[in-house]
Engineer: 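Here it is, the structure in full.
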2 protein chains.
Amino acid sequence: MSTVIQETYQPLTEETAILLAKERNLFSENSTLSCTEIGDGNLNLVFHIKDQDGKGIIIKQALPYAKVVGESWPLTLKRATIEAEALKLFKKHAPDFVPDVYYTNEVLAITIMEDLSHLTISRKGLIDGNEYPLLASHLGTYLANTTFFTSEFGVDKGQKKELVGKFINPELCKITEDLIFSDPYFDAETNDFEPQLTSTVEKLWKDTELKLQVALLRKSFLTEAEALLHGDLHTGSLFVSKEETKVIDPEFAYFGPVGFDIGQVIANLLFQAIAFEEKSDSIYSQVRTFWNVYQNQFSILWEHDNLEPFARIDGFLSSTLQKYFQDAVGFAGCELIRRTIGLAHVADLDGLPDEKERIAAKEKSLALGRELILKRNEFTSIEELVTFLQTKKYE
Amino acid sequence: MSTVIQETYQPLTEETAILLAKERNLFSENSTLSCTEIGDGNLNLVFHIKDQDGKGIIIKQALPYAKVVGESWPLTLKRATIEAEALKLFKKHAPDFVPDVYYTNEVLAITIMEDLSHLTISRKGLIDGNEYPLLASHLGTYLANTTFFTSEFGVDKGQKKELVGKFINPELCKITEDLIFSDPYFDAETNDFEPQLTSTVEKLWKDTELKLQVALLRKSFLTEAEALLHGDLHTGSLFVSKEETKVIDPEFAYFGPVGFDIGQVIANLLFQAIAFEEKSDSIYSQVRTFWNVYQNQFSILWEHDNLEPFARIDGFLSSTLQKYFQDAVGFAGCELIRRTIGLAHVADLDGLPDEKERIAAKEKSLALGRELILKRNEFTSIEELVTFLQTKKYE
């Protein structure tokens, strides 16, 4: 009889995590297993279990609260189910770019999955100066596949509606709604910015033109169920090497506007260009590759697998892609702003040791974010965006 | 013990309908009840039960299939639950314009509700030449209240998401997707048009410019969960008198783009102007009143009850209303077209006895529908739309 899988939730320890791995027969019988808890402890426990040969697995367990800036927010464990279901669905549509899931258990709120410890979190790798020549193209393919096959273009509409219901994710969406689409634009308690930015931030709070456009992007995030999104697709959600890219942590998954995921990717690449000016051409080129691969792969799927009766109508594919792109530019702008003055920062900017340089980078991030939001509907191609970025070196 | 309320579905008869009314104590103990089945038998049974004093109730029961053009489509009974839940929610937000619900039973797929037999179905009343001076204003208020209080502007976002899940309605939405947003634009079996229209219809099937815009409206219908819609708000879903308006039959209810309901109302008013040219000024004035009341009431609710952090940002209310309006103009165009050449027609046009006049009216409906779809984003006010309609008398 199972000793670990109980009928009520309890947090695992390193010891019970090993017992669970044995019970699930994930290692050969005589293995000697070791376990380390490697999570950051904010939202989840993450256990890394290895045998004597270094073969490993990951057990991720949701905690029933979120520790953020010392405060404790209660969070339901349902997010573990959403994450597990999203991983399985994304794996189905983009098998090369998603870890294997070996076992899930709703009561314990756990997912046992592939050990990716031979890879690096891409934000860290990029900050350390590593290059990932396939990252942009992998992400373009991953996103084209997952967004196409969860939109009405690629999945039966009845099935899509069932999925929409299954992935209703109010708690995690609320975090995004508040921390991305609201708090940074008001004098909210969650905001966190360096005092040198105060005058810029106060100006932003009064910027009605900007706030109207953020309100419209927020409305899109709240109402447009285009496809199943990852929902938190920044460079900290990617395990990478020069050859591999694996997208992890889709606990924010829900049906939303496709441009949101695309925009998160673009913004989190742009932080590198903002923080390290010498990298900017390389980063812009990655942004270009990412979008071009997305567009190309989405177009191929549209051509071959589109279930919609109007698929062959001239202009429908291009107007769909144009909408995704312009939305993405706007959502990228929101991400640039919220990561600079909101609750959750990025190490790309915060890690710049020189104060003057760091503040200048943050000012750039805010200014660029604002322009992308306001001008998003003027960009009709990736080349226009890249040219715009190149002329905006904010020397 | 109950004799009628069983654990499995069975269609009621006039006899068991009376038994059910007695079991639910909907009449006083010594009443003498009579019952007539008054449904059209396509989708539902409708029993009208009266006592000796003429006091009545309606029992509506969903059938597990839809009879359309002789064919039988299986349909789940879940739509009875959706209809009952929608009636209750609309009643809460627009009490004057929705019938009372006395009892619902999911297993039997029934709703027992207020007897509205003192009122007339508005399509019939309008065709008969009656005037309903409060209809447009009532509908404006009804729709402003129901769409505001089921959008994120008027209901807590977590609660809205729960409602979105509850009102996922794939089967009935599929009917709309096919019959409004697809079949009329292709040589589909369900289409039904008079042979004299053939050349116009064949031209429409090749009209790529139009079809692209219909594809975009269809995408909006499929993806934009702005508010809980009635989903089938034509003049056949309204019981009216000179003083009263009651909106019935929301079995197509789901979360969709607000402009869809608004557009259905506008189009179904316009059929009157198309069929009876002498009425057109009066109808245009009703369209104007309907929208002005909607806009006014929605603005009042926005001012007093808006829960969104950006509610006070200049331009957000007006851009929201403008989007609803332009969507509505496009959706009205779709309704004009599908009711003329698709499966489900309107008596306003089909009932015109003179062939030449009838075909001319149908040609007008198609031409106007096309223009409204193509030009929808050019209309920035109701006055512009009315002026456009007035200059389009198609003499």
Side-chain angles (χ1 to χ4, degrees), chain A residues 151-153 156-171 173-174 177-178 181-183 185-186 188 206-227 254-258 308-320 323, chain B residues 151-153 156-171 173-174 177-178 181-183 185-186 188 206-227 254-258 308-320 323:
Chain A
S151 76
E152 66 277 9
F153 305 121
D156 166 77
K157 284 183 294 298
Q159 217 179 316
K160 179 181 167 185
K161 282 162 194 165
E162 210 177 280
L163 289 173
V164 167
K166 193 165 154 182
F167 285 99
I168 287 176
N169 193 355
E171 287 185 327
C173 282
K174 186 172 167 22
E177 291 152 16
D178 291 347
F181 291 111
S182 166
D183 293 353
Y185 304 93
F186 299 89
K206 290 181 195 140
D207 189 338
T208 303
E209 193 189 358
L210 177 68
K211 286 170 88 167
L212 172 58
Q213 296 308 317
V214 174
L216 296 175
L217 288 162
R218 174 181 167 90
K219 179 170 180 291
S220 163
F221 184 84
L222 284 167
T223 59
E224 291 197 77
E226 288 181 332
Y254 89 112
F255 276 77
V258 168
E308 275 288 281
F310 291 91
R312 305 279 162 177
I313 299 302
D314 270 359
F316 191 25
L317 170 60
S318 59
S319 83
T320 301
K323 178 189 180 292
Chain B
S151 75
E152 67 277 11
F153 305 120
D156 167 77
K157 284 183 295 296
Q159 216 178 318
K160 180 182 168 187
K161 282 162 193 164
E162 210 177 280
L163 289 173
V164 167
K166 192 164 154 182
F167 285 98
I168 286 175
N169 193 357
E171 286 187 327
C173 281
K174 183 171 168 24
E177 288 152 19
D178 291 347
F181 291 112
S182 166
D183 293 354
Y185 303 93
F186 299 90
K206 291 180 195 141
D207 189 339
T208 303
E209 193 190 357
L210 177 68
K211 286 169 87 166
L212 172 57
Q213 295 308 316
V214 174
L216 296 175
L217 287 161
R218 174 182 166 90
K219 179 170 181 289
S220 161
F221 184 84
L222 284 167
T223 59
E224 291 197 78
E226 289 182 330
Y254 88 112
F255 275 78
V258 169
E308 276 288 282
F310 292 90
R312 305 280 162 177
I313 299 302
D314 270 359
F316 191 27
L317 170 61
S318 61
S319 84
T320 301
K323 175 187 183 295

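Because the structure is predicted, anything quoted here is derived from the model rather than measured. Labels below follow one simple rule: chain letters A, B, ... track the order of the sequence lines, proteins then strands, and each chain is numbered from 1.
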Engineer: Can you find a pair of side-chain heavy atoms, one from B:K160 and one from B:F255, that are under 4.5 Å apart?
Structural biologist: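 SC-SC contact between B:K160 and B:F255 confirmed.
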
Engineer: Quick one: what part of A:K157 sits under 4.5 Å from any heavy atom of chain B, side chain, backbone, both or neither?
Structural biologist: side chain

Engineer: So for A:K166, is it side chain, backbone, both, or neither that comes closer than 4.5 Å to the heavy atoms of chain B?
Structural biologist: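 For A:K166, no heavy atom lies under 4.5 Å from chain B.
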
Engineer: State the NZ-OG distance between A:K323 and A:S318, to the nearest 0.5 angstrom.
Structural biologist: 14.5 Å

Engineer: Answer yes or no: is there a donor N or O on one side and an acceptor on the other, between the side chain of A:K219 and the main chain of A:E224, under 3.5 Å?
Structural biologist: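 It does not hold such a pair.
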
Engineer: Roughly how far apart are A:Q159 CD and A:E162 CD, rounded to 0.5 Å?
Structural biologist: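 Result: 7.0 Å between the selected atoms.
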
Engineer: Can you tell me which portion of A:L212 sits under 4.5 Å from chain B's heavy atoms? Options are side chain, backbone, both or neither.
Structural biologist: both

Engineer: Quick check on A:F153 against chain B: is it the side chain, the backbone, both or neither that has a heavy atom closer than 4.5 Å?
Structural biologist: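 Side chain only.
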
Engineer: Non-hydrogen atoms of chain B under 4.5 Å away: do they reach the side chain of A:F186, the backbone, both or neither?
Structural biologist: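 Side chain only.
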
Engineer: Is chain B contacted by the side chain of A:Y185, its backbone, both, or neither, given a heavy-atom distance below 4.5 Å?
Structural biologist: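 Side chain only.
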
Engineer: Name the region of A:S220, side chain, backbone, both or neither, that has any atom closer than 4.5 Å to a heavy atom of chain B.
Structural biologist: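 Neither part; nothing is under 4.5 Å.
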
Engineer: Is it the side chain or the backbone of A:E177 that comes within 4.5 Å of chain B heavy atoms, both, or neither?
Structural biologist: side chain

